[in-house]
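Structure first, commentary second.
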Number of protein chains: 2
Amino acid sequence: MTDEIDQTLIAALMEDSRRSLKALAQISGLSSPSVAERLRRLEERGVLKGYTVEIDPRHFGYQLQAIVRVRPLPGRLHEVERLIQATPEFTECDKVTGEDCFIARLHVRSMEQLDELLDRINGYAETNTAIVKKTSVARRLPPMN
Amino acid sequence: MTDEIDQTLIAALMEDSRRSLKALAQISGLSSPSVAERLRRLEERGVLKGYTVEIDPRHFGYQLQAIVRVRPLPGRLHEVERLIQATPEFTECDKVTGEDCFIARLHVRSMEQLDELLDRINGYAETNTAIVKKTSVARRLPPMN
DNA sequence: TCCATATGACCGACGAAATCGACCAAACCC
DNA sequence: GGGTTTGGTCGATTTCGTCGGTCATATGGA
């Protein structure tokens, strides 16, 4: 279904999603119409969900990054989820099994802002916050074979 | 430094990083050479760190996704970090403050594989694993103004 | 076994987009 | 107020993407 060549294409796009079809053609050993067709089908099947960009949040003043575990108070689960979704400083959030219901990533400009945002959800949930000191592994692909 | 137009460009690329310069030119109201120049400078300054792709790991058999908190045993911190980095199923990992030293995202094909991978680091660390049930907030940008 | 069909690739031509050089205007700085 | 820098446009050239037509190979059925 997804063969060796598709994986090569995906890996090449993971490195640089603005590569031209021609460049992808050279990498994969196909012609550019064939590459275009393969990408079209990978998108259609939902394997390729989108092309996006990585930015450095520090350039926008986000000096701090935190991982916040969130345990809503009884009956407040949906409210908490909506609050997180409505707060754009939360840039990722997963709903998980276990005591913590949500694990979210939060970008803030200062400790004051961190405190303020956490206070807002502390009315509906208990939170546990870990400040990111360093990125050990930058977002990457799992093995594809 | 980064003005309104740069933010428009970044937001447009966040939605679809394969947009042509011409399309970006229309969106931003500039000519395409100007857009090319702005992107070049955003890259040079490190605001734009890269163009990448979002894939659906389920299409490669990764049915399970977990957030793993990792607390290395005394003296084993670097070993643990290297092990995580060397395990491609860990697709993200942050080093954080607090009791847990690392918080990582793990993609696996089965419970058996989850068990196996965790066993491997349980020799050097205590772990706490939460299975992802749902993505409440998909990766997005924090506000840019 | 052999034909019919479907799939996935290639090629070449045409239209679209990126790039490059020349030039221009506003801001800034003595 | 003149020179310089910065960030932009325009238009020509080159590069790239797309589309129609064609071909080879694999598949399935009579």
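Given the structure is predicted, the values throughout are model-derived calculations rather than measurements. Each chain gets a letter, A, B and so on, in the order its sequence line appears, and its residues count up from 1.
Residues passing the side chain to side chain contact (heavy atoms under 4.5 Å, CB included) test with B:Asn122, sequence neighbours excluded: B:Leu118, B:Asp119, B:Thr127. Applying the side chain to side chain contact (heavy atoms under 4.5 Å, CB included) rule to B:Asp56 yields the partners A:Lys49, B:Arg58, B:His59; only residues at least two apart in sequence or on another chain are considered. Residues that satisfy the salt bridge (charged side-chain N to carboxylate O under 4.0 Å, His left out) test with A:Arg120, not counting sequence neighbours, are A:Glu116. Partners of B:Ser31 according to the side-chain hydrogen bond (donor to acceptor under 3.5 Å, both in side chains) rule, which considers only residues two or more places apart in sequence or in another chain, are B:Ser34. Applying the side chain to side chain contact (heavy atoms under 4.5 Å, CB included) criterion to A:Asn128, with sequence neighbours excluded, gives A:Arg69. Here A:Gln26 pairs with A:Lys22 under the side chain to side chain contact (heavy atoms under 4.5 Å, CB included) rule; sequence neighbours left out.
A donor-acceptor pair is defined here as one N or O able to donate and one able to accept, closer than 3.5 Å; no such pair exists between the side chain of A:Glu54 and the backbone of B:Gly50. Checked by atom type and distance alone, the side chain of A:Thr135 never pairs as donor or acceptor with a backbone atom of A:Ala138 at under 3.5 Å. Remark: side-chain polar atoms of B:Thr52 are not paired, donor with acceptor, to backbone N or O of A:Val53 under 3.5 angstrom. With hydrogens and angles disregarded, a donor-acceptor distance shorter than 3.5 Å links the side chain of B:Asp16 to the backbone of B:Arg18.
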Enumerate, atom names and distances included, each donor-acceptor pair closer than 3.5 Å involving a side-chain atom of residues 71-79 of chain B, sequence neighbours excluded.
from    : atom 1 : to      : atom 2 : distance (Å)
B:Arg76 : NE     : B:Glu79 : OE1    : 3.3

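Ion pairing between B:Glu92 and A:Arg105 holds under the 4.0 Å rule for side-chain N and carboxylate O. A salt bridge does not link A:Lys134 with B:Asp94: none of the charged nitrogens is closer than 4.0 Å to a carboxylate oxygen.
For the residue pair B:Glu43 / B:Tyr51, a side-chain donor-acceptor distance below 3.5 Å is found, with atom types taken as modelled.
Contacts between residues 17-28 of chain B and DNA chain C, defined by a heavy-atom separation under 4.0 Å, are made by B:Ser20, B:Leu21, B:Lys22.
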Please write out the pairs of protein N or O atoms and N or O atoms of nucleotides 21-24 of chain D separated by less than 3.5 Å, giving the distance to one decimal.
none

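With a 4.5 Å cut-off on side-chain heavy atoms, A:Thr91 and B:Val137 do not count as touching.
For the helix from C:dT1-D:dA30 to C:dC30-D:dG1, the terminal axes (five pairs an end, C1' atoms, rotation from four pairs onto the next four) enclose an angle of 30°, given to 10 degrees.
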Next item on the list: Classify every nucleotide of nucleotides 5-10 of chain D by which part a protein heavy atom approaches to under 4.0 Å, writing B for the base, S for the sugar-phosphate alone and - for neither, in 5'-to-3' order.
Entry: --SSBB

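Taking every nucleotide of DNA chain C with any atom under 4.0 Å from a non-hydrogen atom of chain B, the first and last of them, 5' to 3', are C:dA17 to C:dC20.
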